[in-house]
Each structure stands twice: as C-alpha cells, then as structure tokens.
Amino acid sequence: EAKRQGRNTLRFFHPSMETEVTYRTEIETELRAALQHAQFVLHYQGQVDGDGILTGAEALVRWQHPTRGLIGPGGFIGIAETSGLIVPLGRWVLRTACQQLALWAATPATAHFTLAVNVSVRQFLQADFVEETLAIVRESGIDPTRLKLELTETLMIEGVEETIGKMRALREHGICFSLDDFGTGYSSLSYLKRLPLDQLKIDQSFVRDVLDDPNDASIARSVVALGKSLGLSIIAEGVETEAQRTFLAGIGCDHWQGYLFSRPVDARTLEELAA
Ligand code: C2E
Ligand code: MG
Ligand code: MG
Ligand code: MG
C-alpha cells in the first residue's frame, strides 16, 4: 500500500524535475570518473591594463566530456560544489594553473603574467586549504606574487574570521586576492574593509548595460570609488565593446577582461596574443 502511495506521488513529479535530478545524478557519477581520467582542461582569458597591455589571465575550467562534448563550468561547478567534488577538482585546477604560470614565467613574452584562479567557498573553507595551496605553489616553483585567487562575497556569510585568517596566511607568502562578481552577493561594507584584498572585480551584469542603464552606471561608479578608497585595483569583467571599455576607463577602472580582447582560449592561443 505504501509502495502504491509512493508510486502515486511520483505522478505529481514534473517531468523536467525528473530530468534535472537524473542529470545531476549522472553528472555527479561522471565527474568522479572525469577526475580519474583527466578530462578537464583550463582555458585562459586575458586581463588587460589601461594601456592595452596584456598583464595575465584568468583560468577557467572546461570539461572535455567523452560523449557530451565540451562542457562549460555552468554545467558542472554547482554539482561539484554540492557533492564535494569541487575539492579535488579545485586542487587540480590550482595545480594545473600553477604549472602553466611556471611555463609562462620561463618565456620572455609572458614572463610578466599574473594568473587568476577561481576558488569556490567550499574549497576555501577546507581545513587544509592554506597548507595545500602553499604546497602547490612550492612544487610548481612559481613566484607567489603572480598568483591571484578569486573569491566571492559568499565567504563573508560562511565565516568572516576564518576567511580573513586564511587570506592573511596566504598573503604573507605573497599570494594576491581579487573579489569576484562584486556587487551580486552579500556585500557588507564593514566586512569588505576588513578583507585583505588586492582587487575588486566588477561583475559583468553591471558592465553589460553600463552605457544604457543609468543604474548600472551608478553601481559601476560606486564600486570603483569604493575600491579606490580602500586602495584596491579595479578590474571589470565581461567587457565586449570599445565604448564600454572607454566608459570604464573614464570612471577609474584600471584593468579589464572580456570578449573585446579575447574569449577564454587555450594557453597557446593566449601566448600568441602576448607576442
Ligand atoms: P567568473 O569567474 O565570473 O568568470 C567569468 C565568466 O564570464 C566566464 O564564464 C567567461 O567565459 C565569461 N566571460 C568573459 N568575458 C565575457 C564577455 O565579454 N561577455 C560575456 N557574456 N561573458 C564573458 P565561464 O568560463 O563559463 O565560467 C563561469 C563561472 O564558472 C566563472 O565565473 C566562475 O565562477 C566559475 N568557474 C570557472 N572556472 C572555475 C574553476 O576553476 N573553479 C571554480 N570554483 N569556479 C570556476
Ligand atoms: Mg572569476
Ligand atoms: Mg567574475
Ligand atoms: Mg561573473
């Protein structure tokens, strides 16, 4: 009887929900296998300064799925986070990014490059995150001041004291920090001023309509003013047009990233852009 009940309740389950659940379950299983079979790859998107000089890149992970094709992070990072697989995946990303940075450091055209790496909240809050990151930096032989970790505002809700402590510990070794997607999350200004940051990254949702939407323009202006008053560098993401770039430079944004310069590309292609 209970079984019948159970079967009946399934009828009220919307088909798209079922598909979503199936997808998540499949992806989670496949992610485990993907970690063992080296199916991930990093693409790199250039970061450019006010003089148009390529100063480095942001590493963005992709999954070369054997049957589904190349999957962007939107298709699996969320599932990796809830399943905990983000921890080994994030470790792979950091190690691979540091190895790439070491190669760039050894080549004249790219010797000045910095590399930004996204770190998810769950990964950052692992008890051994600091030790592990320092071990990866040491093994790769990179100059730690060239490594920039991108964190998000969510960390401020999850544990401010722990976050500040870990950032300080890593910063003592020269590692830099950028606050990603700034303005989209929980922005408590009192916490923000306590975070030992180097850079604020204006979220692309404000950049997109910065020329047409006065509210977005105001937000962009405020973010730049706030960041500058805290002594931070300001980078805009998602810059697609020359007009957006000009506007952002005009309000004091000192670095930018976006399709206007380059889409995320493989390491070789980015090197060609530096030559
Ligand atoms: P994000 O860190 O904010 O990265 C910027 C995203 O904007 C990237 O999407 C990039 O391809 C896209 N983008 C860059 N320039 C433009 C532009 O001019 N126009 C538009 N429309 N989009 C642009 P992607 O590669 O799909 O990554 C999405 C998100 O996935 C990232 O957002 C980041 O939060 C996350 N992610 C990517 N790689 C990693 C990783 O290795 N670890 C973790 N934890 N998260 C990652
Ligand atoms: Mg990022
Ligand atoms: Mg971002
Ligand atoms: Mg973003």
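Predicted model only: the values in this text are computed from it and were never measured. We count ligands from 1, going down the list as the structure has it; atoms in each ligand are counted the same way. Position 1 is the first residue of the sequence; numbering continues from there.
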Novice: Would you say Gly72 contacts ligand 1, with heavy atoms under 4.0 Å as the rule?
Specialist: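 It does not; every heavy atom stays at 4.0 Å or beyond.
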
Novice: Counting from 1, what ligand 1 atoms have a heavy atom of Val61 closer than 4.0 Å?
Specialist: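 Selected atoms, number and element: 38 (N), 39 (C), 40 (C), 41 (O).
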
Novice: Does only the side chain of Arg263 get under 4.0 Å from ligand 1, or the backbone, or both, or neither? Count heavy atoms.
Specialist: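 It is neither part, as no heavy atom is under 4.0 Å.
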
Novice: Using side-chain contact (heavy atoms from CB on, under 4.5 Å), reason through Ile164 and Leu195 one step at a time and then give a plain yes or no.
Specialist: CA-CA 6 Å; Ile164 294 172; Leu195 292 184; 3.7 Å; yes

Novice: Within the 4.0 Å heavy-atom shell around Asp181, which atoms of ligand 1 are there?
Specialist: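 Every atom of ligand 1 under 4.0 Å from some heavy atom of Asp181: 3 (O).
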
Novice: How does Gln204 reach ligand 1, by side chain, by backbone, by both or by neither, if only non-hydrogen atoms under 4.0 Å count?
Specialist: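 Answer for Gln204: side chain.
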
Novice: Looking only at N/O atoms, are Gln123 and ligand 1 under 3.5 Å apart anywhere?
Specialist: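 No: no nitrogen or oxygen of Gln123 is under 3.5 Å from one in ligand 1.
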
Novice: Examine ligand 1 and decide if any of its atoms is less than 4.0 Å from a heavy atom belonging to Gly238.
Specialist: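 Yes.
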
Novice: Closer than 4.0 Å to some heavy atom of Asp180 - which atoms of ligand 1 meet that?
Specialist: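 Matching atoms, with element in brackets: 1 (P), 2 (O), 3 (O).
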
Novice: Between Gln257 and ligand 1, which residue portion shows a heavy-atom distance shorter than 4.0 Å: side chain, backbone, both, or neither?
Specialist: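 Neither; nothing of Gln257 gets under 4.0 Å from ligand 1.
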
Novice: Which N/O/S atom belongs to Glu237 and is the closest one to the Mg ion (ligand 3)?
Specialist: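 This residue's closest N, O or S atom turns out to be OE1.
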
Novice: With heavy-atom distances below 4.0 Å as the criterion, list the atoms of ligand 1 near Val239.
Specialist: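 Those atoms are 18 (O).
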
Novice: Kindly indicate, with the supporting measurements, whether the criterion side-chain contact (heavy atoms from CB on, under 4.5 Å) is fulfilled by Phe206 and Phe182.
Specialist: CA-CA 10 Å; Phe206 306 118; Phe182 188 71; over 6 Å; no

Novice: Assess Glu150: does it contribute an N, O or S atom lying under 2.8 Å from the Mg ion (ligand 2)?
Specialist: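 Under 2.8 Å: Glu150 contacts the Mg ion (ligand 2) through an N, O or S atom.
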
Novice: Do you know which two heavy atoms are closest between Val130 and Ala169, and how far apart they sit?
Specialist: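 Heavy atoms of Val130 and Ala169 come nearest at CG1-CB, 4.0 Å.
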
Novice: So is Arg194 actually on top of Tyr191's ring, under 6.0 Å and inside 45° of the axis?
Specialist: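 Verdict for Tyr191: no cation-pi partner in Arg194.
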
Novice: Quick one: do Asp181 and Thr152 satisfy side chain to side chain donor-acceptor pair (under 3.5 Å)? Show the steps, please.
Specialist: CA-CA 7 Å; Asp181 305 331; Thr152 56; over 6 Å; no

Novice: Quick check on contacts: which atoms of ligand 1 are under 4.0 angstrom from a heavy atom of Glu237?
Specialist: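 It comes down to these atoms of ligand 1: 3 (O), 5 (C).
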
Novice: For Arg62, is the nearest heavy atom under 4.0 Å from an atom of ligand 1?
Specialist: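 The answer is yes: ligand 1 sits under 4.0 Å from a heavy atom of Arg62.
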
Novice: Is the distance between the Mg ion (ligand 3) and the nearest N/O/S atom of Asp181 smaller than 2.8 Å?
Specialist: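 So Asp181 counts as coordinating the Mg ion (ligand 3), yes.
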
Novice: Please identify which atoms of ligand 1 are closer than 4.0 Å to at least one heavy atom of Gly258.
Specialist: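 Those of ligand 1 that fall under 4.0 Å from Gly258 are 15 (N), 18 (O).
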
Novice: Determine the interplanar angle of the Phe129 and Phe124 rings, folded into 0 to 90°, and report it as parallel if under 30°, tilted if 30 to 60°, perpendicular if over 60°.
Specialist: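 Aromatic pair Phe129/Phe124 classed tilted.
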
Novice: Check all N, O or S atoms of Glu58 and name the one closest to the Mg ion (ligand 2).
Specialist: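 Result for Glu58 and the Mg ion (ligand 2): OE2.
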
Novice: Within 2.8 Å of the Mg ion (ligand 2), is there any N, O or S atom belonging to Asp180?
Specialist: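 Yes.
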
Novice: Look at Lys166 together with Glu162 and state whether they make a salt bridge at an N to O cut-off of under 4.0 Å.
Specialist: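 Glu162 and Lys166: salt-bridged.
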
Novice: Just to check, does Glu58 reach to within less than 4.0 Å of ligand 1 when the distance is taken from its heavy atoms?
Specialist: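 Judged by the 4.0 Å heavy-atom criterion, Glu58 does count as contacting ligand 1.
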
Novice: Between the side chains of Gln45 and Glu58, is a donor N or O closer than 3.5 angstrom to an acceptor N or O?
Specialist: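 Glu58 and Gln45 do not have a side-chain donor-acceptor pair below 3.5 Å.
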
Novice: Please confirm if an N, O or S atom belonging to Ser178, backbone or side chain, lies less than 2.8 Å from the Mg ion (ligand 2).
Specialist: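 No, Ser178 does not qualify, because none of its backbone or side-chain N, O or S atoms lies under 2.8 Å.
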
Novice: Just say parallel, tilted or perpendicular for the rings of Trp63 and Phe40, cut-offs at 30° and 60°.
Specialist: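 Because their plane-to-plane angle lies in the 30° to 60° range, the rings of Trp63 and Phe40 count as tilted.
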
Novice: Under a 4.0 angstrom heavy-atom cut-off, which atoms of ligand 1 come close to Glu240?
Specialist: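 Per the distance check, 17 (C), 18 (O), 19 (N), 20 (C), 21 (N).
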
Novice: Would you mind listing which atoms of ligand 1 come within a distance below 4.0 Å of any non-hydrogen atom of Pro264?
Specialist: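 Result: 11 (O).
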
Novice: Which heavy atom of Leu101 sits nearest to which heavy atom of Thr114, and what is that distance?
Specialist: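 Taking Leu101 first and Thr114 second, the nearest heavy atoms are CD1-C, 4.3 Å.
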
Novice: Show the nearest heavy-atom pair for residues Arg91 and Gln123, with the distance to one decimal.
Specialist: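 Taking Arg91 first and Gln123 second, the nearest heavy atoms are N-NE2, 4.0 Å.
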
Novice: As an exercise, state the distance from CD of Glu30 to CG of Leu35, rounded to the nearest 0.5 Å.
Specialist: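 Glu30 CD to Leu35 CG: 12.5 Å, rounded to 0.5 Å.
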
